[in-house]
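Working notes, beginning with the structure itself.
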Amino acid sequence: MTKDEIAAALEEIGTLLELKGESSFRTLAYHNGARALSQYEGDFQELVSTGKIGEIRGVGASLAEKIQQLAETGELPQLTELRAAIPPGVIAMLKIPGVGPKKVKALSEDLKLTTIDELKAACEAGTVAKLKGFGAKTQAKILEGIQFLGTVGQRVRLDLALPLGEALLEQLKKLPGVIRAELCGSLRRRRETTKDIDILLSSDNPKPIMDAFVTLPEVMQVVANGETKSSIVAAMVVDREKIVLNADLRVVGDEHFPFALHYFTGSKDHNVRLRQRAIDQGLSLNEYGLKGEGRDVKCKTEADIFAALGLDYIPPELREDTGEIEAAEKKKLPKLITVKNLRGVFHNHSTYSDGNASLEEMALAAKKLGFEYFGIGDHSQSLKIAGGLSPADVKKQHREIDELNARLDGIQILKGIESDILDDGSLDYDDDILRSFDYVVASVHTGFNMSSEEMTARICKALAHQATTMLGHATGRLLLRREGYKVDLDQVLKAAAKHGKMIEINAHPIRLDLDWIHVKRAKAMGIPIVINPDAHSPGELALVEFGIDVARRGWLEADNVFNTKSLAEVLKELNRRKAAW
DNA sequence: GCCGTTTTCGGCCCGACTGTTTTCAGTCG
(Lines give C-alpha, C1' and ligand atoms only; values in the text may rest on other atoms or scores of the structure.)
Protein backbone atom coordinates (compact mmCIF):
# COMPACT_ATOMS: atom_id res chain seq x y z
CA MET A 1 0.00 0.00 0.00
CA THR A 2 1.11 3.53 -0.69
CA LYS A 3 1.57 6.12 2.00
CA ASP A 4 -1.64 7.91 1.04
CA GLU A 5 -3.67 4.70 0.96
CA ILE A 6 -2.42 3.82 4.43
CA ALA A 7 -3.30 7.29 5.68
CA ALA A 8 -6.81 6.80 4.27
CA ALA A 9 -7.04 3.42 6.04
CA LEU A 10 -6.08 5.04 9.37
CA GLU A 11 -8.65 7.79 8.79
CA GLU A 12 -11.24 5.06 8.19
CA ILE A 13 -10.29 3.17 11.36
CA GLY A 14 -10.60 6.39 13.34
CA THR A 15 -14.08 7.02 11.95
CA LEU A 16 -15.21 3.44 12.51
CA LEU A 17 -13.94 3.52 16.09
CA GLU A 18 -15.90 6.73 16.67
CA LEU A 19 -19.03 4.90 15.55
CA LYS A 20 -18.28 2.11 17.99
CA GLY A 21 -18.15 4.68 20.77
CA GLU A 22 -14.42 4.62 21.35
CA SER A 23 -12.77 7.36 23.39
CA SER A 24 -12.51 10.51 21.32
CA PHE A 25 -8.86 10.80 22.27
CA ARG A 26 -8.12 7.39 20.86
CA THR A 27 -9.99 8.08 17.62
CA LEU A 28 -8.32 11.46 17.36
CA ALA A 29 -4.96 9.69 17.56
CA TYR A 30 -5.85 7.75 14.39
CA HIS A 31 -6.90 10.89 12.57
CA ASN A 32 -3.79 12.73 13.74
CA GLY A 33 -1.60 9.81 12.75
CA ALA A 34 -3.20 9.74 9.30
CA ARG A 35 -2.54 13.43 8.80
CA ALA A 36 1.02 13.17 10.10
CA LEU A 37 1.68 10.29 7.73
CA SER A 38 0.24 11.97 4.66
CA GLN A 39 2.19 15.14 5.39
CA TYR A 40 5.47 13.30 5.91
CA GLU A 41 7.79 14.63 3.24
CA GLY A 42 10.72 12.25 3.56
CA ASP A 43 11.25 8.84 1.97
CA PHE A 44 8.41 6.72 3.31
CA GLN A 45 9.69 3.45 1.83
CA GLU A 46 12.96 3.96 3.67
CA LEU A 47 11.07 4.40 6.95
CA VAL A 48 9.27 1.13 6.28
CA SER A 49 12.38 -0.83 5.41
CA THR A 50 14.32 0.50 8.38
CA GLY A 51 11.40 0.14 10.80
CA LYS A 52 11.50 3.80 11.76
CA ILE A 53 7.89 4.77 11.11
CA GLY A 54 7.46 5.64 14.79
CA GLU A 55 9.81 8.57 14.31
CA ILE A 56 7.01 10.50 12.65
CA ARG A 57 5.56 12.85 15.24
CA GLY A 58 2.04 11.72 16.07
CA VAL A 59 2.77 8.09 15.26
CA GLY A 60 3.52 5.96 18.29
CA ALA A 61 4.43 2.32 18.69
CA SER A 62 0.92 1.02 18.07
CA LEU A 63 0.22 3.03 14.92
CA ALA A 64 3.73 2.35 13.62
CA GLU A 65 3.11 -1.37 13.79
CA LYS A 66 -0.20 -1.05 11.94
CA ILE A 67 1.32 1.17 9.28
CA GLN A 68 4.17 -1.29 8.83
CA GLN A 69 1.69 -4.12 8.38
CA LEU A 70 -0.41 -2.18 5.89
CA ALA A 71 2.69 -1.19 3.93
CA GLU A 72 3.93 -4.74 3.70
CA THR A 73 0.71 -6.74 3.31
CA GLY A 74 -1.96 -4.20 2.41
CA GLU A 75 -4.17 -5.68 5.10
CA LEU A 76 -5.00 -5.16 8.74
CA PRO A 77 -7.30 -7.51 10.69
CA GLN A 78 -8.57 -4.63 12.83
CA LEU A 79 -9.79 -2.76 9.76
CA THR A 80 -11.34 -5.86 8.20
CA GLU A 81 -13.27 -6.57 11.38
CA LEU A 82 -14.44 -3.00 11.79
CA ARG A 83 -15.66 -2.89 8.20
CA ALA A 84 -17.58 -6.11 8.72
CA ALA A 85 -19.20 -4.75 11.87
CA ILE A 86 -20.34 -1.39 10.50
CA PRO A 87 -22.29 -1.13 7.21
CA PRO A 88 -21.23 1.60 4.75
CA GLY A 89 -24.71 3.14 4.99
CA VAL A 90 -24.11 3.82 8.66
CA ILE A 91 -20.85 5.62 7.90
CA ALA A 92 -22.69 7.65 5.28
CA MET A 93 -25.02 8.97 8.00
CA LEU A 94 -22.09 11.00 9.35
CA LYS A 95 -22.38 13.23 6.31
CA ILE A 96 -25.77 14.49 7.45
CA PRO A 97 -25.26 17.94 8.99
CA GLY A 98 -25.88 17.92 12.72
CA VAL A 99 -25.41 14.18 12.95
CA GLY A 100 -22.21 12.98 14.59
CA PRO A 101 -20.85 9.65 15.78
CA LYS A 102 -22.97 9.42 18.93
CA LYS A 103 -26.24 9.98 17.13
CA VAL A 104 -25.28 7.53 14.38
CA LYS A 105 -24.42 4.95 17.02
CA ALA A 106 -27.83 5.33 18.66
CA LEU A 107 -29.64 5.20 15.31
CA SER A 108 -27.84 2.11 14.11
CA GLU A 109 -27.83 0.21 17.39
CA ASP A 110 -31.17 1.15 18.94
CA LEU A 111 -33.22 1.45 15.77
CA LYS A 112 -31.19 -1.04 13.71
CA LEU A 113 -30.97 1.42 10.83
CA THR A 114 -28.33 0.57 8.21
CA THR A 115 -28.84 3.13 5.43
CA ILE A 116 -29.79 6.77 4.98
CA ASP A 117 -32.98 5.67 3.21
CA GLU A 118 -34.03 3.65 6.26
CA LEU A 119 -33.19 6.63 8.46
CA LYS A 120 -35.36 8.87 6.30
CA ALA A 121 -38.26 6.42 6.58
CA ALA A 122 -37.81 6.21 10.35
CA CYS A 123 -37.90 10.01 10.62
CA GLU A 124 -41.04 10.18 8.51
CA ALA A 125 -42.65 7.50 10.67
CA GLY A 126 -41.76 9.50 13.78
CA THR A 127 -39.76 6.73 15.44
CA VAL A 128 -36.53 8.73 15.60
CA ALA A 129 -38.12 11.40 17.79
CA LYS A 130 -39.00 8.78 20.38
CA LEU A 131 -35.40 7.69 20.78
CA LYS A 132 -33.76 8.74 24.04
CA GLY A 133 -31.83 11.95 23.55
CA PHE A 134 -33.67 12.72 20.32
CA GLY A 135 -36.81 14.80 19.85
CA ALA A 136 -39.10 16.32 17.27
CA LYS A 137 -36.65 19.07 16.37
CA THR A 138 -33.73 16.72 15.96
CA GLN A 139 -35.85 14.47 13.77
CA ALA A 140 -36.87 17.40 11.57
CA LYS A 141 -33.26 18.56 11.35
CA ILE A 142 -32.12 15.12 10.24
CA LEU A 143 -34.77 15.07 7.50
CA GLU A 144 -33.65 18.51 6.40
CA GLY A 145 -30.04 17.32 6.40
CA ILE A 146 -30.87 14.28 4.28
CA GLN A 147 -32.60 16.54 1.79
CA PHE A 148 -29.50 18.74 1.68
CA LEU A 149 -27.34 15.72 0.91
CA GLY A 150 -29.78 14.76 -1.84
CA THR A 151 -29.39 18.10 -3.58
CA VAL A 152 -25.61 17.88 -3.25
CA GLY A 153 -25.73 14.37 -4.71
CA GLN A 154 -22.46 12.68 -5.32
CA ARG A 155 -20.53 15.76 -6.31
CA VAL A 156 -16.84 15.92 -5.51
CA ARG A 157 -14.68 18.99 -4.87
CA LEU A 158 -12.45 20.21 -7.70
CA ASP A 159 -9.22 19.64 -5.80
CA LEU A 160 -10.16 16.00 -5.20
CA ALA A 161 -11.65 15.24 -8.62
CA LEU A 162 -8.85 16.86 -10.61
CA PRO A 163 -6.06 14.47 -9.51
CA LEU A 164 -8.24 11.48 -10.42
CA GLY A 165 -9.13 13.00 -13.80
CA GLU A 166 -5.52 13.87 -14.53
CA ALA A 167 -4.31 10.42 -13.48
CA LEU A 168 -6.70 8.81 -15.96
CA LEU A 169 -5.80 11.31 -18.68
CA GLU A 170 -2.05 10.87 -18.28
CA GLN A 171 -2.32 7.10 -18.60
CA LEU A 172 -4.47 7.42 -21.71
CA LYS A 173 -2.06 9.89 -23.31
CA LYS A 174 0.70 7.28 -23.13
CA LEU A 175 -1.25 4.70 -25.12
CA PRO A 176 -0.18 4.08 -28.75
CA GLY A 177 -2.47 5.60 -31.35
CA VAL A 178 -3.67 8.53 -29.21
CA ILE A 179 -3.38 11.77 -31.16
CA ARG A 180 -4.90 14.37 -28.80
CA ALA A 181 -6.49 13.99 -25.36
CA GLU A 182 -8.10 16.45 -22.93
CA LEU A 183 -10.30 16.64 -19.86
CA CYS A 184 -13.67 18.22 -20.71
CA GLY A 185 -16.78 19.11 -18.78
CA SER A 186 -16.88 20.92 -15.48
CA LEU A 187 -13.30 19.90 -14.65
CA ARG A 188 -12.04 21.81 -17.68
CA ARG A 189 -14.26 24.76 -16.80
CA ARG A 190 -12.88 24.55 -13.26
CA ARG A 191 -16.18 24.47 -11.47
CA GLU A 192 -15.91 24.22 -7.67
CA THR A 193 -17.41 20.73 -7.66
CA THR A 194 -17.94 18.05 -10.25
CA LYS A 195 -20.16 14.99 -10.63
CA ASP A 196 -18.26 13.08 -13.31
CA ILE A 197 -15.06 13.08 -15.27
CA ASP A 198 -15.26 13.61 -19.03
CA ILE A 199 -12.29 12.67 -21.16
CA LEU A 200 -12.04 13.12 -24.91
CA LEU A 201 -9.34 11.76 -27.16
CA SER A 202 -8.74 11.39 -30.86
CA SER A 203 -7.44 8.27 -32.56
CA ASP A 204 -7.87 6.24 -35.74
CA ASN A 205 -7.99 3.01 -33.79
CA PRO A 206 -10.32 3.30 -30.76
CA LYS A 207 -10.80 -0.35 -29.81
CA PRO A 208 -7.47 -1.07 -28.05
CA ILE A 209 -7.68 2.32 -26.30
CA MET A 210 -11.14 1.52 -24.97
CA ASP A 211 -9.93 -1.88 -23.80
CA ALA A 212 -7.02 -0.28 -21.97
CA PHE A 213 -9.29 2.35 -20.40
CA VAL A 214 -11.65 -0.15 -18.78
CA THR A 215 -8.73 -2.05 -17.26
CA LEU A 216 -6.86 0.90 -15.73
CA PRO A 217 -5.93 0.32 -12.06
CA GLU A 218 -8.40 3.00 -10.89
CA VAL A 219 -11.38 1.15 -12.39
CA MET A 220 -13.84 -0.17 -9.81
CA GLN A 221 -16.62 -1.04 -12.18
CA VAL A 222 -17.19 -0.99 -15.93
CA VAL A 223 -20.52 0.61 -16.75
CA ALA A 224 -20.22 0.59 -20.54
CA ASN A 225 -17.54 -0.41 -23.01
CA GLY A 226 -18.24 0.57 -26.59
CA GLU A 227 -16.37 1.67 -29.72
CA THR A 228 -16.66 5.41 -29.18
CA LYS A 229 -17.77 5.71 -25.56
CA SER A 230 -16.90 3.83 -22.40
CA SER A 231 -17.99 4.54 -18.85
CA ILE A 232 -16.36 3.40 -15.66
CA VAL A 233 -16.60 4.03 -11.97
CA ALA A 234 -13.12 5.12 -10.94
CA ALA A 235 -11.63 5.39 -7.49
CA MET A 236 -8.46 6.88 -6.10
CA VAL A 237 -7.21 8.01 -2.72
CA VAL A 238 -6.65 11.77 -2.76
CA ASP A 239 -5.64 13.64 0.36
CA ARG A 240 -6.63 10.73 2.66
CA GLU A 241 -10.10 10.51 1.10
CA LYS A 242 -11.25 7.77 -1.22
CA ILE A 243 -12.67 9.56 -4.24
CA VAL A 244 -15.23 7.70 -6.35
CA LEU A 245 -16.49 9.23 -9.59
CA ASN A 246 -18.01 8.19 -12.87
CA ALA A 247 -15.63 8.69 -15.76
CA ASP A 248 -16.64 8.75 -19.42
CA LEU A 249 -14.19 8.38 -22.26
CA ARG A 250 -15.12 9.36 -25.77
CA VAL A 251 -12.93 8.67 -28.79
CA VAL A 252 -13.33 10.55 -32.08
CA GLY A 253 -11.36 10.89 -35.28
CA ASP A 254 -8.86 13.74 -35.05
CA GLU A 255 -10.77 15.86 -37.59
CA HIS A 256 -13.71 15.93 -35.14
CA PHE A 257 -11.60 16.61 -32.05
CA PRO A 258 -12.04 20.41 -31.73
CA PHE A 259 -15.81 20.17 -32.20
CA ALA A 260 -16.15 17.34 -29.70
CA LEU A 261 -13.85 19.16 -27.26
CA HIS A 262 -16.03 22.23 -27.40
CA TYR A 263 -19.23 20.20 -27.19
CA PHE A 264 -18.18 18.10 -24.20
CA THR A 265 -16.66 21.06 -22.37
CA GLY A 266 -20.00 22.84 -22.18
CA SER A 267 -21.60 24.38 -20.36
CA LYS A 268 -24.87 23.28 -21.84
CA ASP A 269 -26.18 26.84 -21.81
CA HIS A 270 -23.10 28.11 -23.59
CA ASN A 271 -23.42 25.38 -26.22
CA VAL A 272 -27.06 26.19 -26.88
CA ARG A 273 -26.20 29.84 -27.43
CA LEU A 274 -23.31 29.01 -29.73
CA ARG A 275 -25.37 26.57 -31.78
CA GLN A 276 -28.04 29.25 -32.17
CA ARG A 277 -25.40 31.67 -33.36
CA ALA A 278 -24.28 29.12 -35.96
CA ILE A 279 -27.89 28.71 -37.15
CA ASP A 280 -28.24 32.49 -37.44
CA GLN A 281 -25.24 32.40 -39.78
CA GLY A 282 -26.69 29.62 -41.89
CA LEU A 283 -24.48 26.98 -40.28
CA SER A 284 -24.99 23.99 -38.04
CA LEU A 285 -22.74 23.13 -35.11
CA ASN A 286 -22.55 19.80 -33.30
CA GLU A 287 -19.90 17.59 -31.75
CA TYR A 288 -18.74 16.38 -35.18
CA GLY A 289 -18.41 19.58 -37.13
CA LEU A 290 -19.54 22.96 -38.32
CA LYS A 291 -21.49 22.58 -41.52
CA GLY A 292 -22.99 24.97 -44.06
CA GLU A 293 -25.04 24.15 -47.12
CA GLY A 294 -23.06 21.36 -48.75
CA ARG A 295 -19.77 22.35 -47.13
CA ASP A 296 -17.81 21.67 -43.97
CA VAL A 297 -15.99 24.46 -42.19
CA LYS A 298 -12.55 23.06 -41.43
CA CYS A 299 -11.30 23.69 -37.90
CA LYS A 300 -8.12 22.40 -36.31
CA THR A 301 -8.66 23.94 -32.88
CA GLU A 302 -11.45 25.36 -30.77
CA ALA A 303 -10.13 28.82 -31.59
CA ASP A 304 -10.86 28.09 -35.27
CA ILE A 305 -14.49 27.30 -34.40
CA PHE A 306 -14.94 30.55 -32.51
CA ALA A 307 -13.21 32.46 -35.31
CA ALA A 308 -15.50 30.86 -37.91
CA LEU A 309 -18.44 32.19 -35.91
CA GLY A 310 -16.93 35.69 -35.69
CA LEU A 311 -15.77 35.36 -32.09
CA ASP A 312 -12.56 35.70 -30.12
CA TYR A 313 -11.43 32.53 -28.35
CA ILE A 314 -13.47 32.03 -25.18
CA PRO A 315 -11.52 30.30 -22.37
CA PRO A 316 -13.38 27.31 -20.86
CA GLU A 317 -13.80 29.04 -17.48
CA LEU A 318 -16.02 31.70 -19.10
CA ARG A 319 -18.36 29.33 -20.94
CA GLU A 320 -21.44 29.73 -18.75
CA ASP A 321 -23.59 31.92 -21.01
CA THR A 322 -23.15 34.92 -18.76
CA GLY A 323 -22.25 37.34 -21.53
CA GLU A 324 -19.09 35.75 -22.86
CA ILE A 325 -20.42 35.33 -26.42
CA GLU A 326 -21.41 38.99 -26.66
CA ALA A 327 -18.04 40.06 -25.23
CA ALA A 328 -16.19 37.77 -27.65
CA GLU A 329 -18.10 39.30 -30.55
CA LYS A 330 -17.08 42.81 -29.49
CA LYS A 331 -13.51 41.71 -28.78
CA LYS A 332 -14.03 42.74 -25.17
CA LEU A 333 -13.20 39.49 -23.37
CA PRO A 334 -11.01 40.01 -20.29
CA LYS A 335 -7.33 39.12 -20.35
CA LEU A 336 -7.71 36.60 -17.54
CA ILE A 337 -5.42 36.55 -14.55
CA THR A 338 -3.01 33.61 -14.19
CA VAL A 339 -1.27 32.19 -11.14
CA LYS A 340 2.00 33.77 -12.34
CA ASN A 341 0.50 37.21 -11.74
CA LEU A 342 0.36 36.69 -7.98
CA ARG A 343 3.20 38.29 -6.02
CA GLY A 344 2.14 37.58 -2.46
CA VAL A 345 -0.64 36.46 -0.12
CA PHE A 346 -2.34 37.97 2.94
CA HIS A 347 -4.38 35.38 4.79
CA ASN A 348 -2.34 32.54 6.30
CA HIS A 349 -1.83 30.91 9.66
CA SER A 350 1.15 29.83 11.73
CA THR A 351 1.71 27.93 14.97
CA TYR A 352 0.83 31.19 16.74
CA SER A 353 -2.79 30.15 16.15
CA ASP A 354 -3.96 26.96 14.42
CA GLY A 355 -1.36 26.59 11.67
CA ASN A 356 1.12 23.72 11.75
CA ALA A 357 4.29 25.55 10.74
CA SER A 358 6.34 28.41 12.14
CA LEU A 359 6.30 31.91 10.71
CA GLU A 360 9.74 31.33 9.24
CA GLU A 361 8.76 28.02 7.60
CA MET A 362 5.67 29.63 6.09
CA ALA A 363 7.59 32.66 4.84
CA LEU A 364 10.27 30.51 3.25
CA ALA A 365 7.63 28.37 1.56
CA ALA A 366 6.07 31.56 0.17
CA LYS A 367 9.45 32.66 -1.12
CA LYS A 368 9.89 29.29 -2.79
CA LEU A 369 6.64 29.86 -4.69
CA GLY A 370 8.14 33.07 -6.00
CA PHE A 371 6.21 35.46 -3.78
CA GLU A 372 7.68 38.82 -2.73
CA TYR A 373 5.61 39.12 0.41
CA PHE A 374 3.95 36.81 2.86
CA GLY A 375 1.17 38.20 5.02
CA ILE A 376 0.36 36.41 8.24
CA GLY A 377 -3.26 36.51 9.35
CA ASP A 378 -3.54 34.36 12.44
CA HIS A 379 -6.79 34.14 14.37
CA SER A 380 -7.75 36.86 16.85
CA GLN A 381 -8.21 36.55 20.59
CA SER A 382 -11.86 35.51 20.91
CA LEU A 383 -11.46 32.46 18.67
CA LYS A 384 -9.97 30.46 21.49
CA ILE A 385 -10.45 27.10 19.88
CA ALA A 386 -8.15 28.10 17.03
CA GLY A 387 -5.56 29.56 19.42
CA GLY A 388 -6.50 33.19 18.78
CA LEU A 389 -3.76 35.68 19.65
CA SER A 390 -3.94 37.64 22.90
CA PRO A 391 -2.61 41.20 22.79
CA ALA A 392 0.63 39.87 24.32
CA ASP A 393 0.85 37.20 21.58
CA VAL A 394 0.41 39.92 18.96
CA LYS A 395 3.36 41.89 20.38
CA LYS A 396 5.46 38.76 20.50
CA GLN A 397 4.59 37.86 16.91
CA HIS A 398 5.41 41.38 15.72
CA ARG A 399 8.83 41.22 17.39
CA GLU A 400 9.48 37.90 15.65
CA ILE A 401 8.38 39.33 12.30
CA ASP A 402 10.77 42.28 12.71
CA GLU A 403 13.58 39.88 13.52
CA LEU A 404 12.77 37.62 10.56
CA ASN A 405 12.47 40.53 8.15
CA ALA A 406 15.91 41.71 9.23
CA ARG A 407 17.33 38.26 8.63
CA LEU A 408 15.49 36.85 5.58
CA ASP A 409 16.27 37.85 2.02
CA GLY A 410 13.82 37.85 -0.85
CA ILE A 411 10.63 37.69 1.17
CA GLN A 412 8.94 40.30 3.35
CA ILE A 413 6.55 39.26 6.10
CA LEU A 414 3.57 41.56 6.57
CA LYS A 415 1.83 41.96 9.93
CA GLY A 416 -1.78 41.02 9.43
CA ILE A 417 -4.50 39.47 11.54
CA GLU A 418 -7.68 37.58 10.76
CA SER A 419 -9.89 39.43 13.18
CA ASP A 420 -13.14 37.82 14.14
CA ILE A 421 -16.17 39.91 13.38
CA LEU A 422 -17.93 39.76 16.74
CA ASP A 423 -21.69 39.29 17.04
CA ASP A 424 -22.28 43.03 17.17
CA GLY A 425 -20.08 43.68 14.12
CA SER A 426 -17.12 45.07 16.04
CA LEU A 427 -13.56 43.84 15.56
CA ASP A 428 -11.73 41.68 18.09
CA TYR A 429 -9.14 44.16 19.48
CA ASP A 430 -9.12 47.76 20.61
CA ASP A 431 -7.99 50.43 18.19
CA ASP A 432 -4.45 50.66 19.57
CA ILE A 433 -3.74 47.05 18.78
CA LEU A 434 -5.58 47.25 15.45
CA ARG A 435 -3.30 50.12 14.48
CA SER A 436 -0.25 47.94 15.03
CA PHE A 437 -1.16 45.71 12.06
CA ASP A 438 -0.28 46.42 8.45
CA TYR A 439 -3.76 45.19 7.50
CA VAL A 440 -6.81 43.41 8.91
CA VAL A 441 -8.73 40.52 7.36
CA ALA A 442 -12.18 40.58 8.98
CA SER A 443 -14.03 37.25 9.08
CA VAL A 444 -17.07 35.65 10.70
CA HIS A 445 -16.46 32.40 12.61
CA THR A 446 -19.30 32.34 15.14
CA GLY A 447 -23.02 32.88 15.43
CA PHE A 448 -23.88 31.27 12.09
CA ASN A 449 -27.56 31.08 12.96
CA MET A 450 -28.30 34.79 12.81
CA SER A 451 -31.00 36.03 10.50
CA SER A 452 -29.85 37.36 7.16
CA GLU A 453 -30.69 40.92 8.27
CA GLU A 454 -28.59 40.64 11.43
CA MET A 455 -25.66 38.96 9.67
CA THR A 456 -25.69 41.50 6.85
CA ALA A 457 -25.72 44.39 9.33
CA ARG A 458 -22.94 42.73 11.32
CA ILE A 459 -20.65 42.32 8.32
CA CYS A 460 -21.43 45.73 6.89
CA LYS A 461 -20.55 47.30 10.25
CA ALA A 462 -17.20 45.50 10.23
CA LEU A 463 -16.58 46.78 6.69
CA ALA A 464 -17.25 50.31 7.89
CA HIS A 465 -14.51 50.02 10.53
CA GLN A 466 -11.45 52.05 9.59
CA ALA A 467 -9.11 49.22 10.51
CA THR A 468 -10.69 46.66 8.19
CA THR A 469 -8.71 46.11 5.00
CA MET A 470 -10.49 43.14 3.51
CA LEU A 471 -13.36 40.76 4.17
CA GLY A 472 -12.40 37.09 4.63
CA HIS A 473 -14.47 34.11 3.36
CA ALA A 474 -17.66 36.06 2.72
CA THR A 475 -20.29 33.39 3.46
CA GLY A 476 -18.41 30.80 5.54
CA ARG A 477 -19.62 27.99 3.30
CA LEU A 478 -17.86 24.63 3.24
CA LEU A 479 -18.44 23.04 -0.14
CA LEU A 480 -20.71 19.97 -0.04
CA ARG A 481 -20.59 20.08 3.75
CA ARG A 482 -22.17 23.20 5.09
CA GLU A 483 -24.12 26.02 3.55
CA GLY A 484 -22.84 29.47 4.31
CA TYR A 485 -24.52 31.71 6.82
CA LYS A 486 -27.47 33.66 5.54
CA VAL A 487 -26.28 37.03 4.33
CA ASP A 488 -27.29 39.51 1.65
CA LEU A 489 -24.10 39.52 -0.40
CA ASP A 490 -25.26 42.33 -2.63
CA GLN A 491 -25.56 44.59 0.43
CA VAL A 492 -22.12 43.42 1.56
CA LEU A 493 -20.65 44.26 -1.86
CA LYS A 494 -22.28 47.68 -1.71
CA ALA A 495 -20.79 48.31 1.73
CA ALA A 496 -17.36 47.19 0.54
CA ALA A 497 -17.56 49.52 -2.45
CA LYS A 498 -18.79 52.40 -0.30
CA HIS A 499 -16.00 52.06 2.26
CA GLY A 500 -13.29 51.19 -0.25
CA LYS A 501 -12.67 47.73 1.22
CA MET A 502 -11.31 44.65 -0.51
CA ILE A 503 -12.93 41.22 -0.60
CA GLU A 504 -11.09 37.95 -0.43
CA ILE A 505 -11.43 34.96 -2.68
CA ASN A 506 -10.61 32.29 -0.15
CA ALA A 507 -8.71 29.87 -2.37
CA HIS A 508 -8.96 26.94 -0.03
CA PRO A 509 -10.76 24.41 -2.24
CA ILE A 510 -13.23 23.59 0.50
CA ARG A 511 -14.37 27.23 0.58
CA LEU A 512 -13.84 29.07 -2.76
CA ASP A 513 -15.75 31.88 -1.16
CA LEU A 514 -16.46 34.59 -2.51
CA ASP A 515 -18.01 32.52 -5.29
CA TRP A 516 -17.32 33.33 -8.94
CA ILE A 517 -20.74 34.85 -9.61
CA HIS A 518 -20.28 37.48 -6.91
CA VAL A 519 -16.66 37.95 -7.92
CA LYS A 520 -17.91 39.08 -11.29
CA ARG A 521 -20.32 41.50 -9.61
CA ALA A 522 -17.58 42.79 -7.33
CA LYS A 523 -15.41 43.49 -10.36
CA ALA A 524 -18.21 45.46 -11.97
CA MET A 525 -18.48 47.52 -8.78
CA GLY A 526 -14.75 48.26 -8.75
CA ILE A 527 -14.08 46.33 -5.55
CA PRO A 528 -10.47 45.09 -5.33
CA ILE A 529 -10.23 41.32 -4.89
CA VAL A 530 -7.54 39.51 -2.93
CA ILE A 531 -6.76 35.84 -3.57
CA ASN A 532 -5.74 34.16 -0.31
CA PRO A 533 -4.87 30.51 0.31
CA ASP A 534 -5.87 30.55 4.02
CA ALA A 535 -2.86 28.24 4.35
CA HIS A 536 -2.44 26.36 7.62
CA SER A 537 0.71 24.60 6.38
CA PRO A 538 3.49 25.44 3.90
CA GLY A 539 2.05 23.07 1.29
CA GLU A 540 -1.31 24.83 1.36
CA LEU A 541 0.16 28.07 -0.02
CA ALA A 542 -0.05 26.51 -3.48
CA LEU A 543 -3.84 26.35 -3.10
CA VAL A 544 -3.91 29.86 -4.60
CA GLU A 545 -4.30 28.06 -7.94
CA PHE A 546 -7.90 27.21 -7.04
CA GLY A 547 -8.52 30.86 -6.17
CA ILE A 548 -7.16 31.77 -9.59
CA ASP A 549 -9.74 29.41 -11.12
CA VAL A 550 -12.52 31.27 -9.29
CA ALA A 551 -11.05 34.62 -10.31
CA ARG A 552 -10.94 33.54 -13.95
CA ARG A 553 -14.52 32.29 -13.79
CA GLY A 554 -15.34 35.72 -12.35
CA TRP A 555 -13.71 37.44 -15.36
CA LEU A 556 -10.87 38.98 -13.33
CA GLU A 557 -7.77 40.46 -14.90
CA ALA A 558 -4.51 40.92 -13.02
CA ASP A 559 -5.36 44.57 -12.35
CA ASN A 560 -8.51 43.62 -10.43
CA VAL A 561 -6.53 41.66 -7.85
CA PHE A 562 -4.60 43.43 -5.08
CA ASN A 563 -1.97 40.73 -4.59
CA THR A 564 -0.74 41.04 -8.16
CA LYS A 565 0.85 44.30 -7.06
CA SER A 566 4.51 44.59 -6.13
CA LEU A 567 5.62 44.78 -2.50
CA ALA A 568 6.32 48.52 -2.88
CA GLU A 569 2.84 49.17 -4.30
CA VAL A 570 1.20 47.05 -1.60
CA LEU A 571 3.03 48.84 1.21
CA LYS A 572 2.18 52.21 -0.29
CA GLU A 573 -1.52 51.34 -0.44
CA LEU A 574 -1.64 49.82 3.05
CA ASN A 575 0.16 52.84 4.49
CA ARG A 576 -2.19 55.19 2.68
CA ARG A 577 -5.15 53.44 4.27
CA LYS A 578 -3.62 53.60 7.72
CA ALA A 579 -2.74 57.27 7.32
CA ALA A 580 -6.35 58.03 6.36
CA TRP A 581 -7.63 56.46 9.59
C1' DG B 1 -3.46 6.05 21.04
C1' DC B 2 0.15 9.82 21.79
C1' DC B 3 3.14 12.41 24.59
C1' DG B 4 6.50 14.34 28.35
C1' DT B 5 13.50 19.70 30.70
C1' DT B 6 7.63 20.29 35.88
C1' DT B 7 4.81 14.31 34.40
C1' DT B 8 5.75 7.27 32.19
C1' DC B 9 0.24 8.77 34.38
C1' DG B 10 -2.97 11.75 33.23
C1' DG B 11 -3.77 14.91 30.34
C1' DC B 12 -5.31 15.59 25.35
C1' DC B 13 -7.03 23.80 21.86
C1' DC B 14 -12.30 24.68 24.60
C1' DG B 15 -16.43 27.49 24.45
C1' DA B 16 -20.97 28.31 22.16
C1' DC B 17 -25.01 26.52 20.75
C1' DT B 18 -28.91 23.39 20.35
C1' DG B 19 -32.07 20.37 21.94
C1' DT B 20 -32.84 17.58 25.25
C1' DT B 21 -33.30 17.83 29.59
C1' DT B 22 -33.95 19.85 34.87
C1' DT B 23 -28.06 19.52 34.82
C1' DC B 24 -26.31 17.60 30.49
C1' DA B 25 -24.98 15.31 25.88
C1' DG B 26 -23.84 15.98 21.27
C1' DT B 27 -22.10 18.75 17.54
C1' DC B 28 -19.37 22.23 15.57
C1' DG B 29 -15.51 24.92 14.59
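Lettering of chains follows the sequences in order, A, B, ..., and the numbering in each one begins at 1.
Using a 4.0 Å heavy-atom criterion, one finds that A/Phe448 contacts no nucleic acid atom at all. Residue A/Asn449 is in sugar-phosphate contact alone, with no base atom involved, counting any heavy-atom pair closer than 4.0 Å across all strands shown.
Outside the 6.0 Å centre-distance limit, the rings of A/His508 and A/His536 are not counted as a close aromatic pair. Under the 6.0 Å cut-off for aromatic ring centres, A/His379 and A/Tyr352 do not qualify, their centroids lying 6.0 Å or more apart. Checked against a 6.0 Å centroid threshold, the rings of A/Phe562 and A/Phe346 count as neighbours.
When the nearest nucleotides of DNA chain B are assigned to A/Gly60 and A/Ala386 by heavy-atom distance, the more 5′-ward of the two goes with A/Gly60.
Each of A/Asn532, A/Asp534, A/Asp513, A/Thr475 was scored for a side-chain hydrogen bond (donor to acceptor under 3.5 Å, both in side chains) with A/Asn506, with one residue passing: A/Asp534.
Contacts of residues 114-134 of chain A with DNA chain B (heavy atom under 4.0 Å): A/Gly133, A/Phe134. Less than 4.0 Å separates DNA chain B from at least one heavy atom of each of the following residues of residues 64-73 of chain A: A/Lys66.
Counting non-hydrogen atoms of neighbouring residues, nucleotides and ligands closer than 6.0 angstrom, the NZ atom of A/Lys415 exceeds 12 such neighbours.
For B/dT8 and B/dG1, the C1' atoms lie 15 Å apart once the distance is rounded to whole Å.
Between A/His473 and A/Ser443, the shortest heavy-atom contact is CE1-CB, 3.7 Å. Residues A/His349 and A/Ser353 approach most closely at ND1-OG, 3.4 Å, considering heavy atoms.
On the nucleic acid side, DNA chain B has its first and last nucleotide under 4.0 Å of a heavy atom of chain A at B/dG1 to B/dG29, going 5' to 3'.
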